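The figures that follow rest on heavy atoms only: side chains count, while hydrogens, waters and symmetry mates do not. Quick caveat: nothing in here was measured; it's all calculated off a predicted structure.
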Protein chains: 2
Amino acid sequence: MFFSIGDLAARTGVKVPTIRYYESRGLLSAPLRSSGNQRRYGHAELERLGFIRHARDLGFSLEAISALIELQDHPDRACTSATRIAQGQLDAVREKIRRLRALESELARIAEGCTGDGAARDCYVLASLADHDLCVQDHARDTSPSTQLT
Amino acid sequence: MFFSIGDLAARTGVKVPTIRYYESRGLLSAPLRSSGNQRRYGHAELERLGFIRHARDLGFSLEAISALIELQDHPDRACTSATRIAQGQLDAVREKIRRLRALESELARIAEGCTGDGAARDCYVLASLADHDLCVQDHARDTSPSTQLT
DNA sequence: GTAATCTCTCTAGTGACTAGAGCTTCAAGA
DNA sequence: TCTTGAAGCTCTAGTCACTAGAGAGATTAC
């Protein structure tokens, strides 16, 4: 019925130090302790950690996950903010894909422009990086507040 | 002929503290100093910083950029490693796109499953996050050494 | 009882910056 | 020449989401 932190880690696929980190960040509440001061978890914690893991897999920030958990703990509240958070995450992912596609085509062009068997002075990769004008597309940097997608 | 760090920042679009940071990381060599100990740059530094900025825009890590610069400084060497680095970056970008697309479809499904006007207890967003089995696709986390693409 | 494995807390490191404190230098106008 | 305000200097610490390691104590299987 009660698991150690190692058991919880094994069941959820979240590493032990990460579980302690989540606790320190307030995503998991402080669990019961054994007489020897070791953490003991039950099913509620197992589910909550599963929730967190799943949300992390989908790229949500810990801050966003905190907000979602807060909502989960108050089932009578309106779920407007949950939908807003999910939609925001979706928008961020789509934007990231858009940018990455531009990078991909530019990188492909650059990488394929060099066979790799010449001298550095003639390398198209190095020349392309030195001269932005050789670029076909616009591949500006992401300046938005990064929604971390590892 | 000689610019201050602020001029260099304005010309390249790289922020002043970032330029100092690049110097501390060895990507830019220590420049000349004015009698009052302020940095003074010439055209060589302008070009190098442009190179770095362009490579960063394309998602290369500072470590990779260091290697590319090293190669640039030895034009007689073979450019094999430059091509390898560029190809590696391209592979990383493609992998990232692949993963993000899986996330996108999953997130779209989740976000669209909830109108946002109900109570949290009935929220499909929260339910989906709590139960991975509601997911259609596999959207595992990125465990690879992250090639940072902001 | 003992040995092996877990678990504890704490600190520090990652990458690529960014922010701020407290000071000095520079450039332009009076 | 003097003044003033912007720009520059170094240094430290903070960001995010962990990860690694030290050195100690707890638990468990035999």
Side-chain angles (χ1 to χ4, degrees), chain A residues 2-28 30-41 45 49 52-67 89 92 96 141-150, chain B residues 2-28 30-41 45 49 52-67 89 92 96 141-150:
Chain A
F2 286 99
F3 343 118
S4 70
I5 196 167
D7 294 337
L8 189 64
R11 279 166 197 251
T12 57
V14 177
K15 289 181 192 155
V16 169
T18 306
I19 295 174
R20 286 196 277 250
Y21 173 70
Y22 287 165
E23 184 186 326
S24 81
R25 293 294 312 274
L27 282 122
L28 292 169
L32 296 173
R33 296 282 182 143
S34 73
S35 57
N37 199 35
Q38 299 194 353
R39 291 168 179 82
R40 291 295 176 259
Y41 297 95
E45 283 98 339
L49 188 53
I52 296 170
R53 166 114 162 92
H54 193 191
R56 284 295 298 137
D57 283 351
L58 286 165
F60 289 89
S61 70
L62 295 191
E63 198 190 349
I65 296 172
S66 276
Q89 181 62 18
K96 218 157 275 278
R141 205 187 306 209
D142 184 16
T143 51
S144 70
S146 99
T147 318
Q148 48 286 118
L149 296 162
T150 15
Chain B
F2 287 99
F3 343 118
S4 69
I5 196 168
D7 293 338
L8 189 64
R11 280 166 196 252
T12 56
V14 177
K15 290 183 192 151
V16 169
T18 306
I19 295 174
R20 286 196 278 248
Y21 172 71
Y22 287 165
E23 184 186 326
S24 80
R25 293 294 312 275
L27 281 122
L28 293 169
L32 296 173
R33 297 281 182 143
S34 73
S35 56
N37 199 37
Q38 299 195 352
R39 291 169 178 81
R40 290 294 176 260
Y41 298 95
E45 283 98 339
L49 188 53
I52 295 171
R53 165 116 162 91
H54 193 190
R56 284 295 296 137
D57 283 353
L58 287 165
F60 289 88
S61 70
L62 295 189
E63 197 189 348
I65 295 172
S66 275
Q89 182 63 17
K96 218 156 275 276
R141 205 185 309 209
D142 184 14
T143 52
S144 71
S146 102
T147 318
Q148 49 287 115
L149 296 162
T150 14

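- B/Arg56 has its CZ atom 9 Å from the C1' atom of C/dG15, to the nearest Å.
- Listed nucleotides: C/dC17, D/dA17, D/dA26. Nearest to the side chain of A/Ser34: D/dA26.
- Comparing D/dA17, C/dT7, D/dT19 by their closest approach to the side chain of A/Ile5 singles out C/dT7.
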B/Leu49/B/Tyr41 under side chain to side chain contact (heavy atoms under 4.5 Å, CB included): CA gap, chis, key distance, verdict: CA-CA 11 Å; B/Leu49 188 53; B/Tyr41 298 95; over 6 Å; no

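- Nearest-nucleotide positions on DNA chain D place B/Arg40 closer to the 5' end than the other of B/Arg40 and A/Tyr21.
- For A/Glu23, the salt bridge (charged side-chain N to carboxylate O under 4.0 Å, His left out) test picks out A/Arg39, with sequence neighbours left out.
- Atom C1' of nucleotide C/dG13 and atom CZ of B/Arg25 are separated by 13 Å, given to the nearest angstrom.
- Comparing C/dT18, C/dC26, D/dC9 by their closest approach to the side chain of B/Arg39 singles out D/dC9.
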Would you please test B/Phe2 and B/Asp7 for side chain to side chain contact (heavy atoms under 4.5 Å, CB included) and show each step? CA-CA 9 Å; B/Phe2 287 99; B/Asp7 293 338; over 6 Å; no

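- Ranked by how close their nearest DNA chain D nucleotide is to the 5' end, A/Gly36 and A/Pro17 are led by A/Pro17.
- Atom CZ in B/Arg53 sits about 14 Å away from atom C1' in C/dA16, given to the nearest Å.
- Nearest-nucleotide assignment on DNA chain C puts the 5′-proximal partner with B/Glu63, out of B/Gln38 and B/Glu63.
- Within 4.0 Å (heavy atoms only), B/Arg20 reaches at least one base atom of the nucleic acid.
- The shortest non-hydrogen separation linking A/Arg53 to A/Val14 is CD-CG2, 3.4 Å.
- Between the P atom of D/dC11 and the CD atom of B/Glu23 lies a distance of 12 Å, rounded to the nearest Å.
- The separation between B/Leu28 atom CG and C/dC17 atom P is 12 Å, rounded to whole Å.
- Of all heavy-atom pairs between A/Ser61 and A/Arg56, the closest is CA-NH1, 4.2 Å.
- Distance CG (A/Leu62) to C1' (D/dT15): 13 Å, rounded to an integer number of Å.
- Taking only side-chain atoms of A/Arg33, from C-beta outward, the nucleotide of D/dG8, C/dC8, C/dC26 with the closest atom is C/dC8.
- Comparing atom distances between the A/Asn37 side chain and each of C/dA16, C/dT7, C/dT9 picks out C/dT9 as nearest.
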